2 protein chains.
Amino acid sequence: MQSVERAFKILEALAVAPSGVSDMARRVNLPKSTVARLLATLEATNAVERGPDGLTYRVGSALRGIAASIDGSIGLVEMARPTLARLASLTDEAAGFAVAAGYQVHYLAQADSDRTVQVRDWSGELIPMHLVPSGLAILAQWPAEDIDGYVSRALEGRTPRSITGPDQLLARLADVRKAGHAWGREEFAEGINSVGAAIVDGTGRVLGAIHVHGPSYRFPVAGDDERVAGLVMDAAARLAAAAARLSG
Amino acid sequence: MQSVERAFKILEALAVAPSGVSDMARRVNLPKSTVARLLATLEATNAVERGPDGLTYRVGSALRGIAASIDGSIGLVEMARPTLARLASLTDEAAGFAVAAGYQVHYLAQADSDRTVQVRDWSGELIPMHLVPSGLAILAQWPAEDIDGYVSRALEGRTPRSITGPDQLLARLADVRKAGHAWGREEFAEGINSVGAAIVDGTGRVLGAIHVHGPSYRFPVAGDDERVAGLVMDAAARLAAAAARLSG
DNA sequence: GGGACTGTTCCACGATGTGGAACGTCGGGC
DNA sequence: GCCCGACGTTCCACATCGTGGAACAGTCCC
């Protein structure tokens, strides 16, 4: 794909030395207007930023965050693992990490509690977003038109407690936005409760979600909802901050 | 530009967690075949590479080198400055760094000698490539069809010693390829001699060129050609190696 | 003051990217 | 063992998106 290759050619040239539009056009042998458009797109993506004079372009800080994941211990899912372990320890239940995948959440990591009775590992599973707190927390961050797209389809129910009505879901999302987290009580599977919060970066982009779940007979302990929800939200905020530090 | 934005959307998702084609298509909400093509292009660019299973994609090492330039002391031109200073000291003449810009070289940095009689600073200047050793060293790395394009135009002469014939230039480039460096003796300006070598990465891509120049009445000292050329080639090779280390 | 250079914007057009579909392979569940 | 769903890859008709030339205003230097 030509335009993607050209974009990277420009980035590689900028890695050598910052440059203006006309000079860059000469350096990469492309017409000036093409280069100007590519640089504008790269700038909108934060892959490129302007220097202090406002005319010279240089590599942008968004690439620092992307490059930081090359060393396998630093991608967000890897960064999240110790956080999950700590959450599991603090709550004595399992903690998990998920990302949005279309209209589903894809569970990518889980840290289990030390207890004998555990909920199975959901890593690798794809679940409709409205059925689980991680999904609800992510959905609550979506623009209205994307949410409209989600509710325009039939909402699958898995248990008698599942949300299956669009109005019900919209009201729920409004609650989630207000609270900053979502509780799910046997809406996805009988016998499982959980609480989730979205990991949102400084620009409003949703990087993923973090949650704690456990058997509904013991989780959440009565009166412990707010403490657990607070721990989950703190963890999500700390991961968002760590990702921001990597991007510079 | 849609495809460039989509490419970065994929990179940002990969920064969170590695992914296969179908999962990535779900995560970024694009058709599978579009994602496959984008990933193929990104892979060809080394912005993305495959994991050990050959199916999962992750961020590629080329981005490490690009991102490393964000901290202004690490882009290649900045990395070259201490090398230029050392070269200037070792040769007691000025040393410079240039990149290709169309059919010209663009001088980006220079370290001067401590001598009273100096050659002016060429930083910022654009010079036809065939007139200066940096340009010849870069041209010598070009594929034949690109060289054909260069020689198909009239070759500007600046002094009586300038190369102005295509056959002459082609023969010269063959010499440069064999020697690994290029000497220029009053071909660009009366009274200036210089020697240059290209900075070539492991894939054959030319990152720039490095040179030493001085007044022709004293540079090069008789019998000193090989030592100076050796220093310039060593410096170019060291910069290429440093750039390779940054890319991982 | 004029010329060369810069960055930005516009526009006709065609080439490039698009997305659906087909297909073969693989793995998991029954 | 078989079937089905999921995967990645490839192809192709088509239209839209990217292309590059040109115009223009601003700046700087001689």
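Lettering of chains follows the sequences in order, A, B, ..., and the numbering in each one begins at 1. Owing to the predicted nature of the structure, the values given are computational and were not obtained by experimental measurement.
- Atom CE of B/M1 is separated from atom C1' of D/dT16 by 13 Å (rounded to the nearest Å).
- What separates CZ of A/R6 from P of C/dT16 is a distance of 8 Å, to the nearest Å.
- The B/V21 side chain lies nearest to D/dT9 when the options are D/dT9, C/dG19, C/dG7.
- Across all strands shown, A/L30 has no heavy atoms under 4.0 Å from either base or sugar-phosphate atoms.
- Annotation: B/D53, atom CG; neighbour count of heavy atoms from other residues, nucleotides and ligands within 6.0 Å is above 12.
- Considering only side-chain atoms of B/R37, the nucleotide from D/dT9, C/dG19, D/dG20 that sits closest is C/dG19.
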Please test A/F97 against A/W122 for ring pair (Phe, Tyr, Trp, His ring centres under 6.0 Å), starting from the C-alpha separation and ending with a verdict. CA-CA 10 Å; A/F97 175 87; A/W122 293 106; over 10 Å; no

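- For B/R26 and D/dG5, the CZ to C1' distance is 12 Å, given to the nearest whole Å.
- Residues A/E187 and A/R185 are not paired through a salt bridge, judged by the lack of any N-O separation under 4.0 Å between the basic side chain and the carboxylate.
- Residue A/Q2 has its side chain nearest to D/dT19 when only D/dT9, C/dC10, D/dT19 are considered.
- A heavy-atom distance below 4.5 Å is not found between the side chains of B/M24 and B/R26.
- Taking 3.5 Å as the limit, the base of C/dG7 and the side chain of A/K32 contain a donor-acceptor pair of atoms between them.
- Between A/A36 and B/P31, the residue anchored nearer the 5' end of DNA chain C, judged by the nucleotide with its closest heavy atom, is A/A36.
- Atoms CG (B/D53) and C1' (D/dC7) sit 12 Å apart, rounded to a whole Å.
- For the pair A/H106 NE2 and D/dA6 P, the computed distance is 13 Å after rounding to whole Å.
- Counting to the nearest Å, the P atom of D/dG5 and the CG atom of A/L126 are 16 Å from each other.
- Atoms CE (B/M24) and P (D/dG8) sit 11 Å apart, rounded to a whole Å.
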Going through the distances and angles, do B/R205 and A/E12 end up as a salt bridge (charged side-chain N to carboxylate O under 4.0 Å, His left out)? CA-CA 11 Å; B/R205 190 164 61 96; A/E12 284 163 351; 3.7 Å; yes

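- Look at B/S33 and you won't find any side-chain N or O under 4.0 angstrom from OP1 or OP2 of C/dG19.
- Checking D/dG20, D/dC7, D/dT19 against every side-chain atom of B/S22, the shortest atom distance belongs to D/dC7.
- Looking at heavy-atom distances under 4.0 Å, A/S3 makes contact with sugar-phosphate atoms alone, never a base.
- Remark: P of D/dC17 and CG of A/L38 are 16 Å apart, rounded to the nearest angstrom.
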